[in-house]
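Structure first, commentary second.
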Amino acid sequence: MSATFFLGASLVILAAVTVSLYRVIRGPSIIDRIVGVNVIGTKTIAVIVLTGHLFGRVEFFVDIALLYALINFVGALALSRYFERKGVDVTSERAR
Amino acid sequence: MTVVGMVLVCGGVFFLVTGAVGLIRFPDIYTRMHAAGKCDTLGSLLVLTGLACHEGLVLASAKLLIVALFILITSPTATHAIARAARRNRIEGWTRGEDR
Amino acid sequence: MRKLFVFVMLFAVWLVLSGHFDPLHLAFGLVCSALVAQCSSKLLLAEVPAPHLPAAAWGAVRFLPWLLYEIFLANLHVVYLVCRPDRLRPQIVRFRTHLRGDVAKVVLGNAITLTPGTITLDIVGDEFIVHAVSDVSAASLQTGEMERRIGRALRQPAGAPPDGSGV
């Protein structure tokens, strides 16, 4: 019963990931894409943990989730710092 | 406790979905970041604590809470870093009355 | 004192993350925590004076439930805005804080980002540049409630002169 529930929950989250993917592909500027990727990363953490429950091994999957959270955070920081210094291509912003 | 966990997970999923919808519905970067930064943080917090409640008093739930705390600290920091990058690049925000 | 505090925190995290309680792993944890505490205890919370650390930690614990409640309210607001995007009224607000020290400013910045419809865009010295998503959120920023609570949690007297005892 609870397995079905958590399976449904992760499927719904995956649907939300698909929706956010639209922003990553379409997003008028690079910053929108970074936000989209960051959002997808956060959702993925939730999915990983729920998957861990489905396999009955939450304690292992939590470590993966922790690592994923770390990489997500460092990645977002690195990307935003990089584009803060380099500058965003504003023409792609206007082109929408 | 199981029921409490399920309710929390349900709420978390709801907020995650709302965050995704807000991400594509809002008109400019800054407002999108509101949806991304807030809804996603609370959503994943609720999913993690809900699962911790569901697991009961085992080591895994303590780990889940540590992940939740980590997200609580890092997610707004990442949002702020991205917002600052947008601002330093002089990306203009949408204001009322403009066309989307 | 500071080293002891950092050591206890590190070792607690080690215990939870390793999950093995046999003597070998405990010894590894003790050695690693002691090493890190010895080398880099100055990096963590460097501005809170050492005798205040336990009180500050307790203050943070008491601050957390209120923050979570505010985050919940903020999310309901965003959900409402997602349903009614025509209620959006984005604006940029600037204000000065009297919190001192990087830790307090980081906590305030993060709390602002998480709570009702506001995102910290930039911090220049004492000035916060905040993006608010609607009029209600911009107004809630002006009350200074959050600043007071953070100041209390980190043992900084609110509105004290810049050379106060807090740092």
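Numbered from 1 within each chain, the chains take letters A, B, ... in sequence-line order. Side chains included, hydrogens not; waters and symmetry mates left out as well; all remaining heavy atoms used.
Annotation: the span from B/R32 atom CZ to A/R23 atom CZ amounts to 3.5 Å, rounded to 0.5 Å. Distance check, rounded to the nearest 0.5 Å: OG of A/S20 to CG of B/D40 gives 7.0 Å. Residue B/M6 holds its CE atom at 5.5 Å from CZ of A/F6, rounded to the nearest 0.5 Å. Taken to the nearest 0.5 Å, the CG atom of B/L16 stands 8.5 Å off from the OG1 atom of A/T42. One distance of note links OG of B/S75 with CG of A/N38; it measures 6.5 Å at 0.5 Å rounding. With values rounded to the nearest 0.5 angstrom, B/K63 atom NZ is found 12.5 Å from A/F61 atom CZ.
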(Q) If you apply the rule side-chain contact (heavy atoms from CB on, under 4.5 Å), what do you find for B/I82 with A/F83, and how did you get there? (A) CA-CA 9 Å; B/I82 301 171; A/F83 284 107; over 6 Å; no
Evaluate the criterion side-chain contact (heavy atoms from CB on, under 4.5 Å) for residue pair B/L23 and A/V19; output intermediate values, then yes/no. CA-CA 9 Å; B/L23 194 65; A/V19 169; over 6 Å; no
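Your options are A/V17, A/L66, A/V12, and the one with the most heavy-atom pairs under 4.5 Å with chain B is A/L66. In terms of non-hydrogen atom pairs under 4.5 Å with chain A, the most contact-rich of B/V9, B/T2, B/T74, B/L64 is B/T74. Considering only heavy-atom pairs separated by less than 4.5 Å from chain A, the leading option among B/I24, B/V17, B/V13 is B/I24.
For the pair B/F70/A/L70, a side-chain contact is recorded, criterion being any heavy-atom separation below 4.5 Å from C-beta on. Residues B/R84 and A/R81 are in side-chain contact: their nearest non-hydrogen atoms beyond the backbone lie under 4.5 Å apart.
For B/L59, no part sits under 4.5 Å from any heavy atom of chain A, backbone or side chain. Proximity to chain B (any heavy atom under 4.5 Å) is restricted, for A/D63, to the side chain, taken from C-beta onward. Contact of B/H80 with chain A is not made at all, since no heavy-atom distance falls under 4.5 Å. Contacts of B/V47 with chain A are made by side-chain atoms alone, with heavy-atom separations under 4.5 Å and no backbone atom involved.
Smallest separation of non-hydrogen atoms from A/A16 and B/A20: O-CB, 3.5 Å.
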